[in-house]
Amino acid sequence: MFAVFDVWDFLILLALAIGSFLYFKGKDFTFFSKTREVEKDTTPVQQVSAYINTRNFVEKMILNNKHVIIFYGSQTGTAEDYANGLAKELQEYGLESIAADLDDYDMDNLNSLPSDRFVIFLLATYGEGEPTDNAAAFYSGLMESNENLENVHFALFGLGNTTYEHYNKVGNDVFDKLVKLNAAPLIEKGLGDADKSMEEDFLTWKETLIPELCIFFKIPPIKKNRKECIYKLIELDFTDIKPKTRWGSKNPNVYDANNPYYTKIVGYKNLTPYADRVCMKIDLQIEKDLAYQTGDHLGVLPENDPDKVLLLATLLGICEKLDEMFNLIPVDPSSKKSIFPCPTTHRIALTNFIDILAIPKTSTVALLADYAENEGEKDHLLSLIGTTNKERYYDYIINPCRTIINILQEHSSIKIPVNVLYESLPKLQVRYYSISSSSLISPETVSITAVRLEYKTTLGAIRKGIATHFLFNKSQELNSGIPVFIRKSNFRLPKNPQLPVIMIGPGTGIAPFFAFIQERAFKKSNGQPIGPTVLYFGCRNESRDFMYKDELTTYVESGLLTLHTAFSRDQEKKIYVQNRLLENGQEMYELVNNKNAVIYVCGDAKNMAREVNKAWCDIFEKHGSMSQQQAVDKVKQLRSKGRYLEDIWS
Ligand SMILES: Cc1cc2nc3c(=O)[nH]c(=O)nc-3n(C[C@H](O)[C@H](O)[C@H](O)COP(=O)(O)OP(=O)(O)OC[C@H]3O[C@@H](n4cnc5c(N)ncnc54)[C@H](O)[C@@H]3O)c2cc1C
Ligand SMILES: Cc1cc2nc3c(=O)[nH]c(=O)nc-3n(C[C@H](O)[C@H](O)[C@H](O)COP(=O)(O)O)c2cc1C
């Protein structure tokens with residue numbers, strides 16, 4: 001038997017056996033169940049078990065002597081960043097904590113969490129009030145559960161955005177369900193609003209949480225440990241290994257954010273040559289492996305501007321080391337593998353993995369203060385953090401959009417090691433684009449419609465959108481090697497093409513509708529009967545930013561399309577798509593009420609989607625003789641039946 005097991009395996013098994021024995025023995029359980037004293041356990045059991053790769057988080061917590069586990073449900077990285085930062089901060093109070101991806105663990109084990117451990121949930125809401133991809137299984141499992149969770153002590157912070165219809169639905173649902181299952185919330189749930197004040201909301205919630213947690217664990221609310229690095233940077237000498245640019249996947253034919261498909265740009269057009277803003281139509285070549293359906297999203301993994309990478313490397317003093325290989329090794333072996341794929345080089349890390357233009361969080365500012373050697377600079381940075389200094393933080397960091405580069409330039413005494421910065425800055429996120437081509441007509445080309453983002457900060461600097469400039473630069477020479485993948489959506493044309501469709505898509509909101517219209521025209525040309533196809537499009541000026549004007553005019557002339565336009569700045573009084581919708585209220589009401597039309601809204605979530613929703617309520621109230629409440633319910637009903645679909649972003 002020992003021939004097939006090595007000594008290490010034997011030790012692991014032994015550790016598991018001892019751990020399980022202690023756990024199930026209950027009363028004799030000696031980690032800290034009775035007294036809740038917080039001490040770092042360095043017994044051989046803990047050291048050995050730290051290496052066990054398990055999906056049972058309770059087992060992992062016990063064997064690694066973790067007091068707190070912080071689960072995150074995150075799509076675009078905010079909740080994940082908060083979880084990592086909070087785990088580090090709790091560590092400073094002496095609470096052994098671990099940040100954990102919900103997808104990495106079997107959440108069925110929640111009912112066996114000992115009551116002297118604590119669980120924190122940081123959960124974003126995505127889609128139309130849906131959980132993030134990595135929280136989907138946990139969410140559906142919990143919603144169906146009727147377990148008794150009276151042993152579970154928890155706190156929850158939801159991440160959402162008030163511009164969306166289902167504000168913080170996931171955070172609210174999970175909190176309510178946990179309470180229903182008898183789990184004990186330590187404090188009231190926190191809800192963060194990305195539209196206004198996410199960072200501030202999180203700080204406020206955290207300021208209540210930490211003292212309460214200290215009471216729960218019977219420890220003084222005083223930071224006693226130094227801020228520790230989670231990862232060690234190990235420089236590698238050998239040069240025959242290729243640096244990693246992505247995580248990769250077990251199945252090389254499944255393309256996603258970890259294993260993107262490298263595509264080639266085969267077409268580029270400036271759709272608004274007379275406008276201040278460049279609106280781009282970009283065509284990308286794909287193969288069958290990357291099959292998409294009309295209405296899906298294209299995920300693009302952007303790269304940072306090489307000049308900005310060089311500037312940051314210079315400020316960090318690592319210019320000469322940019323192409324040297326390194327590994328990031330977790331100091332605590334029970335924590336996550338690495339922040340990004342390793343071994344890699346600093347150039348790749350700063351180009352592909354880290355968002356070097358992100359607005360620094362207060363925890364990053366605090367970290368920079370730690371590494372400022374000049375007392376004046378340190379004091380300035382410290383004056384930006386803490387509850388009483390929120391306004392200063394907003395004035396200095398948020399409002400003028402200062403980045404880490406600006407702060408390092410203005411505080412030259414900061415000598416921060418690059419691995420510390422890697423831990424603190426957010427990861428560079430995928431950008432999504434609503435596909436503007438029809439999979440029926442061009443299965444091997446994906447088109448997107450995107451505005452090249454550019455704005456002036458209050459400091460007078462021109463800030464360029466990372467992904468849109470990456471795509472623009474690559475388009476100019478029809479470059480290859482653009483990492484992409486397809487994200488499935490529910491934004492689909494009705495199966496029955498005879499049903500009317502009403503599409504409302506101002507600006508780049510036209511993107512998926514251009515595909516919808518092409519597809520219906522294609523079917524019509526093949527002899528299929530097609531129902532009314534109505535588009536509401538809006539932009540500032542007809543002569544400057546009416547994208548796809550020629551194509552849309554042709555569809556109108558062919559009798560396929562009914563087009564309503566709203567050029568907001570072509571007359572004194574601003575006119576928007578919702579105004580046009582109201583003008584045609586009776587006709588729109590009849591299409592929905594008598595002809596089963598499907599309504600689609602795409603584009604700006606902040607103002608447009610909300611105004612359009614309101615316009616529909618007004619239409620039902622006026623033309624359907626409904627009360628205000630009945631009209632609101634009617635729109636909700638259409639949504640739940642999949643007849644009011646949104647593809648919106650802010
Ligand atoms: C599901 C989905 C579908 C989408 N479909 C499309 C689409 O079809 N077409 C399209 O063009 N976009 C679409 N987007 C948006 C797109 O993903 C990107 O967010 C957008 O292109 C900007 O990316 P960027 O990397 O160029 O900008 P970033 O580098 O990410 O910069 C954007 C950030 O800059 C800041 N900012 C912007 N303007 C200002 C200002 N004036 N002052 C201060 N700060 C400012 C904001 O914080 C903003 O979040 C979609 C988004 C989602 C989630
Ligand atoms: C496409 C999209 C859909 C969203 N849908 C919702 C929603 O239905 N309700 C809500 O409260 N917030 C919604 N949000 C806002 C996110 O929850 C918010 O931006 C949050 O900070 C994201 O956290 P994450 O970065 O950890 O994923 C949505 C954001 C995007 C980009």
[X] side chain to [Y] main-chain N or O, any donor-acceptor pair under 3.5 Å?
| X | Y | result |
| --- | --- | --- |
| Lys415 | Ser412 | yes |
| Asp201 | Asp193 | yes |
| Asp101 | Asp103 | yes |
| Lys464 | Arg452 | no |
| Arg117 | Ile69 | no |
| Thr204 | Glu200 | yes |
| Thr403 | Ile359 | no |
| Glu303 | Phe470 | no |
| Thr344 | Lys244 | yes |
| His380 | Gly376 | no |

Practice prompt. Go through the steps to decide whether Lys427 and Glu80 satisfy the test salt bridge (charged side-chain N to carboxylate O under 4.0 Å, His left out), and finish with yes or no.
Written response: CA-CA 10 Å; Lys427 282 187 272 178; Glu80 182 179 354; 2.8 Å; yes
State plainly whether the residues [X] and [Y] are in salt-bridge range, i.e. N to O under 4.0 Å.
| X | Y | answer |
| --- | --- | --- |
| Lys378 | Glu373 | no |
| Glu410 | Arg402 | yes |
| Arg55 | Asp104 | no |
| Asp116 | Lys218 | no |

Worksheet item: Lys88 and Glu423: salt bridge (charged side-chain N to carboxylate O under 4.0 Å, His left out), yes or no, with the steps?
Response: CA-CA 10 Å; Lys88 248 180 168 181; Glu423 280 181 25; 2.6 Å; yes
Side chain to side chain, [X] and [Y], heavy atoms closer than 4.5 Å:
| X | Y | answer |
| --- | --- | --- |
| Lys606 | Trp649 | no |
| Val309 | Asp305 | no |
| Glu96 | Gln91 | yes |
| Asn258 | Ser249 | no |
| Tyr82 | Leu159 | yes |
| Leu236 | Ile241 | no |

Could you tell me whether the side chains of [X] and [Y] share a donor-acceptor contact shorter than 3.5 Å?
| X | Y | answer |
| --- | --- | --- |
| Asn56 | Thr54 | no |
| Gln429 | Thr76 | no |
| His346 | Tyr422 | yes |
| Thr132 | Ser74 | no |

Practice prompt. Please test Tyr72 against Phe121 for ring-ring contact (aromatic ring centres under 6.0 Å, His included), starting from the C-alpha separation and ending with a verdict.
Written response: CA-CA 6 Å; Tyr72 56 83; Phe121 295 98; over 10 Å; no
Discussion item. Using the rule given for ring-ring contact (aromatic ring centres under 6.0 Å, His included), can you reason through Phe216 versus His153, listing the C-alpha separation, both sets of side-chain angles and the distance that settles it, and then say yes or no?
Written reply: CA-CA 10 Å; Phe216 180 84; His153 295 270; 5.0 Å; yes
Discussion item. Pair Tyr105, Lys60 - check side-chain hydrogen bond (donor to acceptor under 3.5 Å, both in side chains), show working.
Written reply: CA-CA 10 Å; Tyr105 295 94; Lys60 189 164 188 170; 3.0 Å; yes
Just how far is it from atom [atom1] of [X] to atom [atom2] of [Y], taken to the nearest 0.5 Å?
| X | Y | atom1 | atom2 | answer |
| --- | --- | --- | --- | --- |
| Ser413 | Leu408 | OG | CG | 10.0 Å |
| Ile407 | Leu381 | CD1 | CG | 7.0 Å |
| Asn259 | Arg246 | CG | CZ | 10.5 Å |
| Leu209 | Glu89 | CG | CD | 9.5 Å |
| Cys214 | Leu95 | SG | CG | 6.0 Å |
| Phe71 | Met107 | CZ | CE | 4.0 Å |

Item to complete: Evaluate ring-ring contact (aromatic ring centres under 6.0 Å, His included) for His67 paired with Phe118, printing each intermediate quantity in order.
Response: CA-CA 6 Å; His67 309 118; Phe118 197 85; over 10 Å; no
Which of these passes side-chain contact (heavy atoms from CB on, under 4.5 Å) with [X]: [options]?
| X | options | answer |
| --- | --- | --- |
| Tyr167 | Asp195, Thr125, Leu191 | Leu191 |
| Phe175 | Asn172, Asp173, Leu178, Val179 | Val179 |
| Ser650 | Thr162, Thr163, Asn607 | Thr163 |

Worksheet item: Which word best sums up how the rings of Phe340 and Phe326 line up, parallel for under 30°, tilted for 30 to 60°, or perpendicular for over 60°?
Response: perpendicular
Report, one line per pair, each donor and acceptor closer than 3.5 Å where one atom sits in a side chain of residues 311-322; sequence neighbours left out.
residue	atom	partner	partner atom	Å
Thr314	OG1	Leu310	O	2.6
Lys321	NZ	Glu235	OE2	2.8

Discussion item. Please find the pair of heavy atoms, one from Ile404 and one from Pro360, that lie closest to each other, and give the distance.
Written reply: N-CG, 3.9 Å
Practice prompt. Decide yes or no on salt bridge (charged side-chain N to carboxylate O under 4.0 Å, His left out) for Asp395 and Arg392, but give the supporting numbers first.
Written response: CA-CA 5 Å; Asp395 285 349; Arg392 280 200 213 157; over 6 Å; no
Item to complete: Check step by step if side-chain hydrogen bond (donor to acceptor under 3.5 Å, both in side chains) holds for Glu130 and His166.
Response: CA-CA 9 Å; Glu130 290 145 33; His166 305 282; over 6 Å; no
Worksheet entry | Gln476 CD: over 12 foreign heavy atoms closer than 6.0 Å | yes
Discussion item. For Lys390, I'd like to know if atom NZ has over 12 heavy atoms of other residues, nucleotides or ligands within 6.0 Å.
Written reply: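 Atom NZ in Lys390 is packed in, count exceeds 12.
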Side-chain donor-acceptor pairs of residues 348-357 under 3.5 Å, sequence neighbours excluded:
residue	atom	partner	partner atom	Å
Thr351	OG1	Arg347	O	2.5
Asp355	OD1	Leu357	N	3.2
Asp355	OD1	Ala358	N	3.2

Practice prompt. Please report the C-alpha distance between Val119 and Val68 in whole Å, then the side-chain angles of each, then the deciding distance to 0.1 Å, and finally whether the side-chain contact (heavy atoms from CB on, under 4.5 Å) criterion is met.
Written response: CA-CA 6 Å; Val119 56; Val68 182; over 6 Å; no
Worksheet entry | side-chain hydrogen bond (donor to acceptor under 3.5 Å, both in side chains) between Glu199 and Thr362, worked out | CA-CA 8 Å; Glu199 175 83 6; Thr362 47; 2.9 Å; yes
